[in-house]
Amino acid sequence: MLQIEKKNCFVELGKFLAQFSLAKNTKDETVLFNDLFFEPFVELIELSQSHNGWFTPEQVYFAINSWANALEINNLNQWLSNYDLPNANPKTVALILAGNIPLVGFHDFLTVVISGHKVLIKTSSNDQHLIKFLAKYITTINPELEHTIKFTDGKLENFDAVIATGSNNTARYFEYYFQNKPNIIRKNRNSVAILTGNETTEELINLGEDIFRYFGLGCRNVSKIFVPKDYDFTAFFQAIYNYKDVIYYEKYSNNYDYNKAVFLMSNFKLLDNEFLTLKEDTSYASPISSVFYEYYDDINDLILRLNKDSEHIQCVVTTIEMPSVIAFGHTQKPKLWDYADNVDTMAFLTQI
């Protein structure tokens, strides 16, 4: 099967996904196989929160809209233009997917399929329905893909390479278990923001998107902010007040109450607006409903530190000029060529 045919399957998938939004699902009669898939997908979206309590309709629709945009033909062409993708000698690539946010493993799935390899997928129990549905859609468009895509609930067997995503603890297991296979092993990472005190209200509101999207469960969510000495948090709290309704979601509210209580019982000093706590802490990983902050004296020293700690950091959000920064509000809007952990998955797949 030619690579251009596989690409076109995903373009059609993007058109299918573009029909769905939180405001309104609008059926486009020109979309392929809508009679089979439109209503069942609406039902699946509505059921997603029963499968995973964090997968609210708002968060699922956001993920769907992000992939609808990513799978436009110009985006796919720009991404794939950087690679020479052979069609001969396909290998079987095992994927061990995370399940912290909706469709978090779809990029790996897309990359393996479009690279010309076969894919063997072990989903997370937290996100096992959406990706299987989308896989069914593209195999309906082109049944030749059926023999290249396989899901398994059991032990991974008969594969040539592996891409696995998990915690730091599971990564140690993966590294040992898959040491004799070409692999990409992903560990815990967090995203940070560097503030100068000169941010506009709009930039700070957008920072709230980086903090609260997916309830802060993604590695691209900002969990730590660096601020200059004597920084006044008033403007920050005023801006993120737009996200106050997050506290009405029970799972988030429970985490807020629990983590705040733990901090207070430990006599930690907190900044608190009744739906988010800020705690001064040198760590990068903060719990749900909390963001850590740290003061800096010299921005150049901070940049050197972040470069040194790069293996712990997914995204850096700031207006300061430095390599590979992301604009406020864009951490959860990655391009197809924005690879997790800055490891080029497609390049890896072309070399196995």
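One is the number of the first residue; the rest follow in order along the sequence. What you see is a predicted model, and the numbers here were worked out from it, not measured in a lab.
- Salt-bridge annotation for Arg186 and Asp108: present, with a side-chain N of the basic residue lying under 4.0 Å from a carboxylate O of the acidic one.
- Stacking of Lys136 on the aromatic ring of Phe133 is not recorded, the 6.0 Å distance cut-off and the 45° axial limit not both being met.
- When hydrophobic clusters are built by joining Ile, Leu, Val, Met, Phe, Trp and Tyr residues whose side-chain heavy atoms come closer than 4.5 Å, directly or via intermediates, Val291 is not grouped with Leu306.
- Not counting sequence neighbours, Glu146 has no partner by the salt bridge (charged side-chain N to carboxylate O under 4.0 Å, His left out) test.
- Not one N or O on the side chain of Ser253 forms a donor-acceptor pair closer than 3.5 Å with the backbone of Glu250.
- Looking at residues two or more places apart in sequence or on another chain, you find no side-chain hydrogen bond (donor to acceptor under 3.5 Å, both in side chains) involving Ser66.
- Taking every heavy atom of both residues into account, Phe263 and Ser290 meet most closely at CE1-OG, 3.5 Å.
- Close placement of the Phe233 and Tyr293 rings is indicated, their centers lying within 6.0 Å of each other.
- Side chain of Asn259 to main chain of Pro287: no donor-acceptor pair is present (N/O by atom type, distance under 3.5 Å, no hydrogens or angles).
- Phe41 has its side chain within reach of Ile45: a pair of non-hydrogen atoms, C-beta onward, lies under 4.5 Å apart.
- With a 4.5 Å cut-off on side-chain heavy atoms, Val113 and Ile149 count as touching.
- Relative ring orientation between His107 and Trp67 is described as tilted, the plane-to-plane angle lying within the 30° to 60° band.
- Not counting sequence neighbours, the partners of Asn198 by the side chain to side chain contact (heavy atoms under 4.5 Å, CB included) test are Thr196.
- The 12-atom threshold is not exceeded at OH of Tyr241, counting heavy atoms of other residues, nucleotides or ligands nearer than 6.0 Å.
- Gln128 is linked by a side chain to side chain contact (heavy atoms under 4.5 Å, CB included) to Thr123, Ser125, Lys132, counting only residues two or more places apart in sequence or in another chain.
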* Asked: Please walk me through it: do Phe33 and Phe38 pass ring pair (Phe, Tyr, Trp, His ring centres under 6.0 Å)?
  -> CA-CA 8 Å; Phe33 298 107; Phe38 186 90; over 10 Å; no

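- The neighbour count for Lys244 NZ, taken as heavy atoms of other residues, nucleotides or ligands under 6.0 Å away, is above 12.
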* To do: Please test Tyr252 against Asp257 for side-chain hydrogen bond (donor to acceptor under 3.5 Å, both in side chains), starting from the C-alpha separation and ending with a verdict.
  => CA-CA 9 Å; Tyr252 182 93; Asp257 291 338; over 6 Å; no

* Pair Lys187-Glu175, salt bridge (Lys or Arg N to Asp or Glu O under 4.0 Å): steps then yes or no -> CA-CA 11 Å; Lys187 305 177 183 178; Glu175 287 170 345; 3.4 Å; yes

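- Distance alone, capped at 3.5 Å, places no donor-acceptor pair between the Asn52 side chain and the Gln49 backbone.
- The ring-ring contact (aromatic ring centres under 6.0 Å, His included) contacts involving residues 185-227 comprise Trp54-Phe215, Phe62-Tyr214, Phe212-Tyr243, Phe212-Phe275, Phe215-Tyr249, where partners must be two or more places apart or lie in separate chains.
- Tyr176 has its ring centre no less than 6.0 Å from the ring centre of Tyr173.
- Looking at every heavy atom in both residues, Thr152 comes nearest to Leu120 through CG2-CD1, 3.8 Å.
- For Tyr231 and Phe236, the gap between ring centers reaches or exceeds 6.0 Å.
- Crowding of Glu321 atom CD: a count of heavy atoms from other residues, nucleotides or ligands under 6.0 Å not exceeding 12.
- For the pair Lys229 and Tyr296, the NZ or CZ position fails the cation-pi test of under 6.0 Å to the six-membered ring centre and within 45 degrees of the ring normal.
- Contact of the Phe237 side chain with the Ile240 side chain is registered, since non-hydrogen atoms from C-beta on lie closer than 4.5 Å.
- His330 places a side-chain N or O within donor-acceptor distance of the main-chain N or O of Phe328, the cut-off being under 3.5 Å.
- Side chain of Lys118 to main chain of Pro90: no donor-acceptor pair is present (N/O by atom type, distance under 3.5 Å, no hydrogens or angles).
- Of all heavy-atom pairs spanning Gly218 and Asn100, the tightest one is CA-ND2, 3.6 Å.
- Between the side chain of Asn168 and the backbone N or O of Asn188 there is at least one donor-acceptor pair closer than 3.5 Å.
- When side chains are defined from C-beta on, Glu144 does not count as touching Thr139, because their heavy atoms never get closer than 4.5 Å.
- In terms of modelled atom types and a separation under 3.5 Å, the side chain of Asn183 and the main chain of Gln179 share no donor-acceptor contact.
- Looking at Lys269 and Glu280, no side-chain N of the basic residue comes within less than 4.0 Å of a carboxylate O on the acidic one, giving no salt bridge.
- Electrostatic pairing of Asp28 and Lys15 does not count as a salt bridge here, judged by no charged N lying under 4.0 Å from a carboxylate O.
- For the side chain to side chain donor-acceptor pair (under 3.5 Å) with Ser167, the qualifying choice from Thr165, Thr170, Asn169 is Thr170, the only one to do so.
- For residues 38-57, there are no salt bridge (Lys or Arg N to Asp or Glu O under 4.0 Å) pairs, not counting sequence neighbours.
- No chain of hydrophobic side-chain contacts below 4.5 Å, direct or via other Ile, Leu, Val, Met, Phe, Trp or Tyr residues, connects Leu156 to Val119.
- Using a 4.5 Å cut-off on side-chain heavy atoms (C-beta onward), Asn300 and Leu304 make no contact.
- A 6.0 Å sphere centred on CG of Asp153 holds no more than 12 heavy atoms belonging to other residues, nucleotides or ligands.
- Considering all non-hydrogen atoms of both residues, Ile194 and Glu199 come closest at O-OE2, 4.1 Å.
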* Asked: Given Ser191 and Thr331, is the side-chain hydrogen bond (donor to acceptor under 3.5 Å, both in side chains) satisfied, shown in steps?
  -> CA-CA 8 Å; Ser191 297; Thr331 61; over 6 Å; no

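- In this structure, the separation between CG on Asn255 and CD1 on Ile288 is 4.5 Å, given to the nearest 0.5 Å.
- Asn75 places no side-chain N or O within 3.5 Å of a backbone atom of Leu71 that could act as its donor or acceptor partner.
- In this structure, Phe37 and Tyr137 have perpendicular ring planes: the angle between them is above 60°, well past the 30° mark.
- In this structure, Arg220 contributes its side chain and Gln332 its backbone to no donor-acceptor pair below 3.5 Å.
- In this structure, Leu80 and Leu85 have side chains that are in contact, with non-hydrogen atoms separated by less than 4.5 Å.
- Look at Glu12 and Lys7 and you find no salt bridge, because none of the NZ, NE, NH1 or NH2 atoms lies under 4.0 Å from a carboxylate O.
- A centroid separation of 6.0 Å or more is found between the aromatic rings of Phe292 and Tyr284.
- The line from OG of Ser115 to OH of Tyr83 is 11.0 Å long, rounded to the nearest 0.5 Å.
- A 4.5 Å side-chain heavy-atom check between Ile299 and Ile303 finds at least one atom pair inside the cut-off.
- Ring geometry, Phe109 versus Phe106: the interplanar angle falls from 30° to 60°, so the pair is classed tilted.
- The pair Arg305-Glu294 meets the salt-bridge criterion, since a charged nitrogen lies less than 4.0 angstrom from a carboxylate oxygen.
- A salt bridge links Arg189 with Asp341: the distance from a Lys NZ or Arg NE/NH1/NH2 to an Asp or Glu carboxylate oxygen falls below 4.0 Å.
- Within a 6.0 Å sphere centred on NZ of Lys150, heavy atoms belonging to other residues, nucleotides or ligands number 12 at most.
- Counting only heavy atoms from C-beta outward, the side chains of Leu207 and Leu195 approach each other to under 4.5 Å.
- The main-chain N or O of Leu44 is never found under 3.5 Å from a side-chain atom of His129 such that the two would form a donor-acceptor pair.
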